[in-house]
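Note: hydrogens, waters and symmetry copies are ignored here, and every other heavy atom, side chains too, is used.
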Amino acid sequence: MRFRPEQHIRRPGEFRTVREQGRRFDCGAFTLWHRRREGAVDRPRVGVVASTASVGAAVQRNRAKRRLRELFRQHQDLLPAGTDLVLVARAAVNRLDYPALAAKFADACRRLSSTPHA
RNA sequence: GGCCUGGUCGUUGCUCCGAGUUCUUUGAUCCCAAGGCGCGGGUAACGCCGCGCCCGAUAAAAUUCGGAGAGGAAAGUCCGGACACCACAGGGCAGGACGCUGCGCCAGCCAAAAGGCGAGCGCAGGCGCCGUGUUUCAAGGCACGGCGACGGACAGUGUCACAGAAAACAGACCGCCCGGUUCGACUCGCCGCAAGGCGGCUCGCUCAGGGUCAGGGUGAAAAGGUGGGGUAAGAGCCCACCGCGUCCCGCGCGAGCGGGACGGCACGAUAAACCCCGUUCGGUGCAAGGCAAAAUAGGCGGCUGGGCGGCCCGUCCAACAGCCGCGGGUAUGCCGCAGCCUGCUUCACCCGCGCAAGCGGAGUACACAGGCCGGGUCCGUCGCAAGAUGGACCCGAGAGAAAUGACGACCGAAUCCCGCGCGAGCGGGAGGAACAGAAUCCGGCUUACCGGCCCCAAAGCUAA
RNA sequence: GUCCCCAUCGUCUAGCCCGGUCCAGGACACCACCCUUUCACGGUGAGAACCGGGGUUCGAAUCCCCGUGGGGACG
């Protein structure tokens with residue numbers, strides 16, 4: 001399953017929309033915001049955030065964002081079409097091993113699919 | 001001191017490049033939104049429709065294969081430069097930076113050349129300070145090592161707290177010494193019956209005067225040092241050595257050094273205080289900056305000087321001039337921006353010709369070809385070795401909420417534990433790789449850091 | 001990314017330009033005592049800091065250099 005450039009959320013306005021109108025799941029090592037775009041049928045999109053204060057220096061920030069993007073790439077078929085995600089990294093992202101992160105992410109995907117957004 | 005920054009394999013992703021296939025759009029630097037010309041049609045109008053001609057830059061998406069893809073510090077942003085714009089940038093003032101000498105190197109820059117500048121780096125040397133050793137009463141000398149933002153303190157100004165008698169063209173105080181007067185004590189002589197008086201020696205004290213600066217617990221620093229002579233006491237007052245200053249001579253490319261004569265001490269510290277001298281620097285920074293749809297149009301509307309970004313001068317462009325605006329949307333797209341140069345190619349713009357499309361010239365991109373530069377692999381030569389050098393082949397990061405990864409397996413350094421061995425070590429197990437992520441580029445400095453390899457020096461051990 | 005600025009008691013600040021008078025001053029807070037039946041107010045008193053390292057200097061919060069940590073501007 002590929003991860004295409006048009007699946008990136010890049011604009012500050014889109015980030016703001018997801019975080020103001022979407023819902024939040026606390027997944028321990030990261031925070032997941034999600035929002036369904038009305039009438040959209042294209043693939044789910046994602047934006048990744050890693051701040052210096054919560055994650056650390058540039059190496060840690062880049063590594064956290066890569067791992068979160070990889071989570072989305074491998075599990076994006078669990079998400080309904082037209083879903084926008086914002087993943088906010090915390091310090092534990094780089095400490096947990098990958099299967100634990102994948103389990104948390106898959107669980108969050110199933111929960112947001114079972115509780116459809118208004 | 002130099003060099004290097006774990007390895008192999010598998011599955012699956014990301015960015016860029018090349019080749020192929022498929023599909024649609026074909027007209028094209030983001031979208032609404034359209035290549036140009038001619039003829040005809042249509043429309044409120046047009047970029048719409050049809051036909052013909054001409055030109056064109058070589059595009060977009062999906063997919064397959066192949067190739068490439070973080071550092072020695074990519075970091076801090078402390079310096080220097082390239083590059084871009086402000087006028088390829090002028091004079092002065094202000095302000096900043098740098099500062100022993102000689103030679104060499106260095107990203108680059110200036111110059112016709114010779115040559116010069118350059119953040120800094122290296123080698124050799126000079127001077128100063130510190131440490132150790134030696135010699136010496138000491139100062140000083142010599143040897144070795146370390147450190148130095150190392151121009152100038154007789155151009156000027158400022159500051160030097162506390163302590164201390166005194167803190168900056170020195171001399172007030174204590175003290176020491178001298179002689180004088182008054183007073184007192186002791187003693188001697190003379191006069192007097194006595195009280196006492198007069199004169200003298202010595203000592204002390206007080207007072208006024210003079211000499212002197214050796215000494216005065218201090219202090220970071222006390223106005224040449226040590227020793228001797230000398231003196232009433234003392235003092236470069238005099239002498240020797242050392243230090244200092246001026247002059248002369250000699251040596252050295254030079255910083256400076258050595259010697260001699262004279263002076264007779266007049267010269268405190270601080271310039272990472274102001275400052276002076278010499279050299280040098282215009283400002284802003286890739287978020288610099290440039291480009292991105294016609295026609296109406298030598299048009300309409302608005303503003304009045306503007307630029308040289310610290311200040312002044314001066315100068316430049318000008319007043320028929322310059323600047324801004326002339327549909328909407330979008331933190332828009334593209335270039336700058338991916339080793340360099342040359343050739344080839346040729347959108348725009350420019351020049352010439354043509355009624356016009358266009359044609360010819362010149363000319364920027366991608367691609368292609370060649371050369372140079374850098375890196376990798378293989379081979380040869382040299383070297384004890386890290387490595388150097390020659391040839392062949394291959395390659396040359398470029399993102400933009402920001403690619404260069406994720407996961408797994410194996411090998412694996414440091415370190416720890418167990419067993420064996422006199423010992424070097426051997427076997428097994430645990431353990432699992434530092435600092436850290438390009439953002440216009442190059443050079444330097446600084447800071448962070450697991451380890452590995454090599455060279456040089458010294459000491460110890462072993463062997464000869 | 002590029003370019004600037006700042007750092008002093010628990011908090012807000014003075015001192016820095018031009019070094020000594022600073023074992024660093026003030027306000028609020030905290031603590032102790034007094035006042036009050038008690039609390040508050042008030043009074044008295046005490047504790048408490050120069051971001052780290054190096055250098056210049058006799059002497060550094062102040063001057064210079066290198067770091068660390070904050071903050072800001074530029075589309």
Side-chain angles (χ1 to χ4, degrees):
Chain A
M1 185 70 73
R2 295 194 54 185
F3 178 47
R4 297 183 182 280
E6 59 268 20
Q7 293 179 267
H8 278 264
I9 292 178
R10 302 173 197 273
R11 303 271 176 83
E14 294 173 330
F15 275 88
R16 215 178 309 116
T17 303
V18 173
R19 299 182 75 158
E20 286 173 356
Q21 304 179 7
R23 287 196 169 183
R24 184 181 67 187
F25 286 146
D26 187 357
C27 300
F30 58 92
T31 307
L32 182 147
W33 300 74
H34 68 93
R35 174 177 179 273
R36 185 94 48 91
R37 276 168 293 137
E38 288 302 320
V41 294
D42 55 350
R43 301 173 194 245
R45 305 191 304 169
V46 71
V48 179
V49 176
S51 69
T52 309
S54 60
V55 180
V59 172
Q60 282 73 38
R61 288 201 304 273
N62 289 341
R63 178 171 160 79
K65 289 159 83 171
R66 285 173 189 143
R67 299 188 87 189
L68 292 179
R69 277 201 298 267
E70 183 72 9
L71 281 177
F72 173 81
R73 186 184 70 80
Q74 289 186 340
H75 299 91
Q76 58 183 297
D77 51 345
L78 298 175
L79 292 163
T83 304
D84 282 354
L85 292 186
V86 170
L87 301 176
V88 181
R90 297 203 188 129
V93 165
N94 291 331
R95 288 200 298 269
L96 263 66
D97 58 347
Y98 189 76
L101 283 178
K104 285 177 183 293
F105 187 82
D107 181 57
C109 289
R110 278 188 291 272
R111 283 171 61 196
L112 75 89
S113 299
S114 61
T115 60
H117 193 260

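- Between the P atoms of C/rA32 and C/rA40, the separation comes to 12 Å (whole Å).
- B/rC337 shows a glycosidic angle more than 90° from 0 and is accordingly assigned anti.
- Here the straight-line distance linking atom CZ of A/F105 with atom OH of A/Y98 works out to 9.0 Å at 0.5 Å rounding.
- Under the Watson-Crick and G-U wobble criteria, each requiring two contacts below 3.5 Å, nucleotide B/rU345 is left unpaired.
- Residue A/K65 comes nearest to A/A50 through the heavy atom pair CG-CB, 3.8 Å, listed as atom of the first residue, atom of the second, then distance.
- Smallest separation of non-hydrogen atoms from A/R36 and A/P80: NH2-CG, 3.5 Å.
- Pairing partner, B/rA331: none, since no Watson-Crick or wobble contact has both distances short of 3.5 Å.
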### Query
In dot-bracket form, how is RNA chain C paired, counting a Watson-Crick or G-U wobble pair only if both its distances are under 3.5 Å and using | for bases paired to another strand?
(((((((..((((......[....))))..((((.......)))).....(((((..]....)))))))))))).
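- Look at B/rC262: its Watson-Crick or wobble partner, with both distances under 3.5 angstrom, is B/rG245.
- By the rule that a glycosidic angle within 90° of 0 means syn, B/rG236 counts as syn.
- When all heavy atoms of A/V18 and A/V86 are compared, the pair lying nearest together is CG1-CG2, 3.6 Å.
- Across every non-hydrogen atom of A/V93 and A/R67, the tightest pair is O-NH1, 2.8 Å.
- Atom-to-atom distance recorded for A/D107:CG and A/C27:SG is 7.5 Å, nearest 0.5 angstrom.
- The separation of B/rC281 from B/rG156, taken at their P atoms, amounts to 32 Å, rounded to a whole angstrom.
- Nucleotide B/rG72 carries a syn base; the chi torsion (O4'-C1'-N9-C4 or O4'-C1'-N1-C2) is within 90° of 0.
- Rounded to whole Å, the P atom of B/rG99 lies 24 Å from the corresponding atom of B/rC93.
- Atom-to-atom distance recorded for A/T83:OG1 and A/R35:CZ is 10.5 Å, nearest 0.5 angstrom.
- With a cut-off of 3.5 Å on both Watson-Crick or G-U wobble distances, the partner of B/rG374 is given as B/rC395.
- Note: the hydrophobic cluster containing A/V48 does not contain A/W33 (ILVMFWY, side chain heavy atoms under 4.5 Å, direct or indirect links).
- Nucleotide B/rA19 is shown with an anti base, its glycosidic torsion being more than 90° from 0.
- Taking atom P in both B/rC456 and B/rG383, one finds a spacing of 16 Å when rounded to whole Å.
- Across every strand in view, B/rG314 sits in a pair with B/rC308 that passes the Watson-Crick or G-U test at under 3.5 angstrom.
- Under the Watson-Crick or G-U wobble criterion, with both distances below 3.5 Å, B/rA166 has no partner in any strand shown.
- Taking atom P on both B/rG398 and B/rC368, the two are 15 Å apart, rounded to the nearest angstrom.
- Distance noted for atom C1' between B/rA167 and B/rG283: 50 Å (whole Å).
- Distance check: A/L85 CG to A/Q76 CD gives 10.0 Å after rounding to the nearest 0.5 Å.
- From A/R90, atom CZ reaches atom OG1 of A/T31 across 3.5 Å, with rounding to the nearest 0.5 Å.
- Heavy atoms only, all atoms of each residue included: A/Q7 and A/P44 are closest at NE2-O, 2.9 Å.
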### Summary
Letter by letter from the 5' end, nucleotides 401-408 of chain B scores (B base, S sugar-phosphate only, - none; protein heavy atoms under 4.0 Å) BSSSBSS-
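- Summarising the base pairing, B/rA44 is matched to no nucleotide, lacking a Watson-Crick or G-U wobble pair whose two defining distances lie under 3.5 Å.
- Nucleotides B/rG230 and B/rG219 have their C1' atoms positioned 34 Å apart, rounded to a whole Å.
- Across the protein-nucleic acid pair, A/R61 atom CZ and B/rG437 atom P stand 8 Å apart, rounded to whole Å.
- If you check B/rC198 for Watson-Crick or wobble pairing at under 3.5 angstrom, you find it paired to B/rG189.
- Nucleotides B/rA75 and B/rC395 have their C1' atoms positioned 29 Å apart, rounded to a whole Å.
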